[in-house]
Amino acid sequence: MSIRVRFAPSPTGYLHVGGARTALFNWLLARKSGGTFILRIEDTDEARNTEAAMNAIFEGLSWLGIDWDEGPQKGGDYGPYFQSQRQGIYDAYFKKLEEAGRVYFEENGAARFKFSREAITIPDMVCGDIRFAPTEEPDMTVRRPDGSYIFHFCNVVDDIEMGMTHVIRGEDHISNTWKHIDLFNAFGAKAPVYGHIPLLLNPSGSKMSKRDEGASIDSYLQAGFLPQAVFNYLCLLGWTPKLEGETFSSQQAVELFDISDVHHSNARFDMTKCTWVNQQHLRLLDDAALVAYARPWLEKAGINPGNDEAYIARTLNSVKEKVSLASEFPSWVHFFFTEDFAFEDEVMTKLKANAQAPKLLAALQTGLQATSEWTEASLGEAVTKVATTEGVKAGALMPLLRFSLSGQTRGPDVKVMMVVLGQERALARLGRAAALLA
RNA sequence: GACCCCUUCGUCUAGCGGUUAGGACACAUCCCUUUCACGGAUGCGACACGAGUUCGAUUCUCGUAGGGGUCGCCA
């Protein structure tokens with residue numbers, strides 16, 4: 001039988017990173033096995049559901065590249081995929097429970113499920129068998145006085161009706177799972193195979209919550225992360241693919257995934273390493289992808305990058321290995337896109353403190369003007385020549401060039417900058433710097 | 001409190017009875033680099049503890065401690 005798994009979030013906030021990781025592992029299991037990945041919206045809590053939260057789920061999953069085969073926007077043979085639209089199904093199942101003599105009512109009308117109070121073993125793909133002794137907990141409420149149903153009930157009914165074969169979910173559900181199995185048994189249905197994955201912890205060691213940095217998937221987009229990098233890092237927290245290195249694509253993850261390799265212990269989230277993973281993926285980008293990735297960030301910073309894709313790519317490549325996140329691009333390349341860039345205070349101070357600066361800048365202008373070829377190699381030679389003539393080290397000239405061309409103390413390689421800018425603009429910038437000192 | 005899961009460098013982890021306990025991030029030093037990075041080299045740094053089982057335990061069993069989770073008419 002083909003594997004059917006699902007991700008069943010409730011739309012009460014943004015898409016949580018822990019939830020996204022749960023979706024990820026279910027998705028990997030489905031894609032690896034050629035099974036079906038279903039998205040089901042558990043919107044039974046009317047008071048807390050919002051449209052925005054629903055969209056955050058769709059957008060977050062899509063951004064990460066986690067696509068669903070059945071569910072909202074997709075349809076499927078087991079719908080509706082919103083619990084709020086499945087009341088009739090729940091009523092029918094509730095009746096079954098009543099007929100089996102497994103429910104009773106409280107004075108206010110709430111209905112409770114009568115536990116079997118037998119020992120229950122959960123066969124778990126990740127943790128192995130987990131045994132629970134006969135419970136002493138009070139029977140579980142499954143239906144509210146207003147006729148709406150509780151999470152546990154809907155969850156089980158939907159898993160039966162939607163034919164789920166496996167359920168991968170967070171370890172925080174282990175303590176609920178025996179209740180679910182009790183319900184499956186009461187319905188005479190076969191429970192899916194469970195796999196409880198370890199939790200994502202914040203740096204201080206407790207369950208990731210709303211307040212924690214990186215808790216919302218949207219925050220990665222906002223911070224300039226690449227979706228494939230977040231996907232990669234999330235995999236790493238709970239699973240180690242048998243692979244050299246730690247950087248991989250989602251395609252590789254699918255090929256290598258094996259649920260039995262999933263870890264047993266909780267993992268702390270480390271934004272520094274997540275950023276490092278992003279840097280690794282950034283370096284893999286080709287020119288077109290790099291421009292597409294950086295462009296919104298340049299524009300957001302007030303830079304007009306124009307439409308010369310090849311030129312934009314050249315500017316970005318000049319700093320590709322210096323940057324970890326897209327949000328860092330503007331400060332590294334802004335001077336490539338305007339002649340009216342500002343000079344850092346530190347640059348002005350250094351220029352003014354250098355009594356020889358005007359003379360050397362003039363010499364550089366003359367020397368570079370005469371350069372036959374505008375390439376890194378010949379520019380290097382030209383600078384050396386000027387240095388010799390002026391009786392200084394080439395090292396004294398490079399900072400002057402850097403300051404004049406970019407207004408910054410650090411940036412791309414000086415020769416690369418000159419080549420990207422072209423002779424005309426580079427010389428004009430030297431002139432502008434000289435004028436500033438005059 | 002009860003129940004459940006977990007326990008290797010600061011963090012993420014490899015290891016599946018015999019290893020100088022390996023790697024990655026971070027950190028430190030050096031090399032490369034006429035900036036900053038990248039890259040390279042080196043260093044720092046861990047099997048929670050106690051009993052067993054065994055010729056031999058990081059690895060298997062039990063206990064203790066510690067961490068996490070769950071005990072809703074939330075999901």
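Only heavy atoms go into these numbers, but all of them, side chains included; no hydrogens, no water, no symmetry mates. Residue numbering restarts at 1 for every chain, and letters A, B, ... go by the order of the sequence lines.
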Peer 1: Under 4.5 Å between any side-chain heavy atoms of A:Ile122 and A:Ile181, yes or no?
Peer 2: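 Side-chain contact under 4.5 Å: yes.
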
Peer 1: Return the polar atom pairs (N/O with N/O) between nucleotides 70-73 of chain B and the protein under 3.5 Å, or none.
Peer 2:
unit_1	atom_1	unit_2	atom_2	d
B:rU70	OP1	A:Lys207	NZ	2.8
B:rC71	O2'	A:Glu137	OE2	3.4
B:rC73	OP2	A:Thr141	OG1	3.2
B:rC73	N3	A:Asn108	ND2	3.0
B:rC73	N4	A:Asn108	OD1	3.4
B:rC73	N4	A:Asn108	ND2	2.6

Peer 1: Between P on B:rC36 and CD on A:Gln279, what's the gap in Å once rounded to a whole number?
Peer 2: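 From A:Gln279 CD to B:rC36 P: 16 Å.
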
Peer 1: Tell me what A:Gly205 touches on the nucleic acid: a base, only sugar-phosphate, or nothing, going by heavy atoms under 4.0 Å.
Peer 2: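 Sugar-phosphate contact only.
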
Peer 1: Could you walk me through whether A:Asp91 and A:Tyr149 satisfy the side-chain hydrogen bond (donor to acceptor under 3.5 Å, both in side chains) test, starting with their C-alpha distance in whole Å, then the side-chain angles of each, then the deciding distance to 0.1 Å, before giving a yes or no?
Peer 2: CA-CA 9 Å; A:Asp91 286 340; A:Tyr149 295 90; 2.6 Å; yes

Peer 1: Please state how far atom CG in A:Asp129 lies from atom P in B:rC4, giving the value in whole angstrom units.
Peer 2: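 So the CG-P distance, A:Asp129 to B:rC4, works out to 14 Å.
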
Peer 1: So that I know where these two stand, are A:Phe231 and A:Phe225 an aromatic pair - ring centroids less than 6.0 Å apart?
Peer 2: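 No, ring centres 6.0 Å or more apart.
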
Peer 1: Side-chain N or O of A:Thr240 less than 4.0 angstrom from OP1 or OP2 on B:rA14?
Peer 2: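 So the side-chain polar atoms of A:Thr240 do come within 4.0 Å of the phosphate oxygens OP1 or OP2 of B:rA14, strictly under.
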
Peer 1: Strictly below 4.0 Å, N to O, side chains only: are A:Lys359 and A:Glu390 in salt-bridge contact?
Peer 2: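 Yes.
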
Peer 1: So what does A:Thr44 hit on the nucleic acid, given a heavy-atom distance under 4.0 Å: a base, only sugar-phosphate, or nothing?
Peer 2: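 The answer is sugar-phosphate, as A:Thr44 gets under 4.0 Å only of primed atoms, P, OP1 or OP2.
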
Peer 1: More 5' along RNA chain B: A:Lys242 or A:Thr409, using each one's nearest nucleotide?
Peer 2: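 Looking at RNA chain B, the more 5' nearest nucleotide goes with A:Lys242.
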
Peer 1: Show the nearest heavy-atom pair for residues A:Ala229 and A:Val277, with the distance to one decimal.
Peer 2: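 Nearest heavy atoms, A:Ala229 then A:Val277: O-CG1, 3.6 Å.
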
Peer 1: So which protein nitrogen or oxygen atoms get under 3.5 Å of nucleotides 43-48 of chain B's nitrogens or oxygens?
Peer 2:
none

Peer 1: Verify the ring-centre separation between A:Phe115 and A:Trp178: is it less than 6.0 angstrom?
Peer 2: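 A:Trp178 vs A:Phe115: aromatic centres under 6.0 Å.
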
Peer 1: Determine the Euclidean distance between corresponding P atoms of B:rC6 and B:rG43; express it in Å to zero decimal places.
Peer 2: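 Those two atoms are separated by 36 Å.
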
Peer 1: Please produce a list of atom pairs where a protein N or O lies less than 3.5 Å from an N or O of nucleotides 27-30 of chain B.
Peer 2:
none

Peer 1: Check this for me: does the side-chain of A:Lys322 come within 3.5 Å of the base of B:rC36 through a donor and an acceptor?
Peer 2: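 When only heavy-atom distances are counted, A:Lys322 does reach the base of B:rC36 through a donor-acceptor pair under 3.5 Å.
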
Peer 1: Does a side chain donor of either A:Ser10 or A:Arg48 reach within less than 3.5 Å of an acceptor in the other side chain?
Peer 2: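 There is no such pair between these side chains.
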
Peer 1: Could you give the distance separating B:rU54 and B:rU61 at their C1' atoms, to the nearest angstrom?
Peer 2: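 Here B:rU61 and B:rU54 have their C1' atoms 12 Å from each other.
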
Peer 1: Roughly how many Å apart are B:rC71 and B:rC55, using the C1' atom of each and rounding to a whole number?
Peer 2: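 It works out to 48 Å between them.
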
Peer 1: Is it true that the NZ or CZ of A:Arg4 lies under 6.0 Å from the centre of A:Tyr78's six-membered ring and within 45 degrees of the ring axis?
Peer 2: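 So A:Arg4 does make the cation-pi contact.
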
Peer 1: Just wondering, are more than 12 heavy atoms of other shown residues or ligands nearer than 6.0 Å to CG in A:Asp345?
Peer 2: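 No, the 6.0 Å shell around CG holds no more than 12 heavy atoms from other groups.
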
Peer 1: Check whether NZ of the Lys or CZ of the Arg A:Arg6 lies under 6.0 Å from the centre of the six-membered ring of A:Tyr81 and within 45 degrees of that ring's axis.
Peer 2: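 The answer is no, since A:Arg6 fails at least one limit relative to A:Tyr81.
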
Peer 1: Looking at every heavy atom in both A:Val167 and A:Asn26, which two are closest together, and how far apart are they?
Peer 2: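 Residues A:Val167 and A:Asn26, closest heavy atoms: C-OD1, 4.4 Å.
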
Peer 1: Measure from NE2 on A:His196 to C1' on B:rC5 and round the result to the nearest Å.
Peer 2: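 Taking NE2 of A:His196 and C1' of B:rC5, I get 10 Å after rounding.
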
Peer 1: Give me, pair by pair, the N or O atoms of the protein and of nucleotides 6-12 of chain B that are less than 3.5 Å apart, along with how far apart they are.
Peer 2:
unit_1	atom_1	unit_2	atom_2	d
B:rC12	OP1	A:Arg268	N	3.1

Peer 1: Which one is paired to B:rA51, where only Watson-Crick or G-U wobble pairs with both distances under 3.5 angstrom count?
Peer 2: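 The answer is B:rU61, by the H-bond criterion.
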
Peer 1: Below 4.0 angstrom, N of the basic side chain to O of the carboxylate: do A:Lys350 and A:Glu346 qualify?
Peer 2: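 Judged by the 4.0 Å cut-off on N to carboxylate O distance, A:Lys350 and A:Glu346 do form a salt bridge.
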
Peer 1: For A:Asp139, run the salt bridge (charged side-chain N to carboxylate O under 4.0 Å, His left out) check against A:Arg117, A:Arg102, A:Lys114, A:Arg112 and tell me which one passes.
Peer 2: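 Going through A:Arg117, A:Arg102, A:Lys114, A:Arg112 one by one, the salt bridge (charged side-chain N to carboxylate O under 4.0 Å, His left out) with A:Asp139 is satisfied by A:Arg117 alone.
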
Peer 1: So what does A:Pro399 hit on the nucleic acid, given a heavy-atom distance under 4.0 Å: a base, only sugar-phosphate, or nothing?
Peer 2: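 Nothing: the residue A:Pro399, judged by heavy atoms under 4.0 Å, touches no strand.
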
Peer 1: Between B:rC31 and B:rG67, how far apart are the two P atoms, rounded to whole Å?
Peer 2: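 Those two atoms are separated by 45 Å.
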
Peer 1: How would you list, by chain and number, every residue that makes a side chain to side chain contact (heavy atoms under 4.5 Å, CB included) with A:Asn176, sequence neighbours excluded?
Peer 2: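 Expected list: A:His152, A:His173, A:Lys179, A:His180.
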
Peer 1: By side-chain hydrogen bond (donor to acceptor under 3.5 Å, both in side chains), which residues pair with A:Tyr293, not counting sequence neighbours?
Peer 2: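 By the side-chain hydrogen bond (donor to acceptor under 3.5 Å, both in side chains) rule, A:Tyr293 matches A:Asn278.
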
Peer 1: If we take the C1' atom in both B:rC30 and B:rA14, what is their distance in whole Å?
Peer 2: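 Those two atoms are separated by 29 Å.
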
Peer 1: Mind checking who B:rC27 pairs with, Watson-Crick or G-U wobble, both distances under 3.5 Å?
Peer 2: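 Because both required distances fall under 3.5 Å, B:rC27 counts as paired with B:rG43.
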
Peer 1: Under a 3.5 Å cut-off for both distances, is B:rU20 Watson-Crick or wobble paired, and to whom?
Peer 2: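 Its partner is none (no Watson-Crick or G-U wobble pair with both distances under 3.5 Å).
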
Peer 1: Nearest to the side chain of A:Arg410, heavy atoms from C-beta on, is which of B:rC4, B:rU35, B:rC25?
Peer 2: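 In terms of side-chain proximity for A:Arg410, the closest of B:rC4, B:rU35, B:rC25 is B:rU35.
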
Peer 1: Which value, in whole Å, describes the distance between the P atoms of nucleotides B:rC12 and B:rG52?
Peer 2: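 Each nucleotide's P atom is 32 Å from the other's.
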
Peer 1: Using atom P of each nucleotide, how far apart are B:rC5 and B:rG10 to the nearest Å?
Peer 2: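 My reading of the P atoms in B:rC5 and B:rG10 gives 27 Å.
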
Peer 1: If you assign A:Leu201 and A:Thr12 each to the RNA chain B nucleotide with the nearest heavy atom, which residue ends up on the more 5' nucleotide?
Peer 2: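 Between the two, 5'-proximity favours A:Leu201.
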
Peer 1: Between A:Phe341 and A:Phe336, is the ring centre distance below 6.0 Å?
Peer 2: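 No: the rings miss the under 6.0 Å criterion.
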
Peer 1: Partner of B:rC3 by Watson-Crick or G-U wobble geometry, both contacts under 3.5 Å, or none?
Peer 2: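 Result: B:rG69.
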
